Amino acid sequence: MHLESQLAAHHATDLRDRAESHRLAAEARRPRELRTRLGWTLVEVGLRLANPPRPAFAH
């Protein structure tokens, strides 16, 4: 096999490995983002429940 062919094969394998690593990292990150959004939503709901709305005054 020629040197250029070997380098091209090695480069393609390296790119596939990097893509797989990136995909796995992205999948591992998603639940945390969901937990963060859910957590802040619960905080907002809790604050609304703790501070009842004030009655509006008629002019």
Side-chain angles (χ1 to χ4, degrees):
M1 191 182 271
H2 293 312
L3 181 60
E4 292 86 16
S5 300
Q6 290 176 345
L7 287 175
H10 177 70
H11 182 67
T13 302
D14 184 45
L15 287 177
R16 278 193 295 275
D17 290 343
R18 287 185 185 193
E20 181 67 13
S21 296
H22 178 72
R23 184 186 66 77
L24 291 173
E27 284 180 2
R29 190 174 5 167
R30 286 186 190 123
R32 183 171 45 164
E33 292 171 359
L34 178 61
R35 282 193 301 260
T36 301
R37 278 189 281 149
L38 179 61
W40 281 112
T41 301
L42 290 173
V43 167
E44 184 178 343
V45 169
L47 289 173
R48 288 182 186 178
L49 291 173
N51 297 317
R54 296 180 183 152
F57 294 107
H59 292 281

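Computed over heavy atoms, backbone and side chain alike; hydrogens, waters and symmetry mates excluded. Small disclaimer: the values here were computed from a predicted structure and weren't measured.
Using a 4.5 Å cut-off on side-chain heavy atoms (C-beta onward), Thr13 and Arg16 make contact.
No single ILVMFWY cluster, assembled from side-chain heavy atoms under 4.5 Å apart, contains both Leu42 and Leu49.
Using a 4.0 Å cut-off between charged nitrogen and carboxylate oxygen, Arg37 and Glu33 do not count as a salt-bridge pair.
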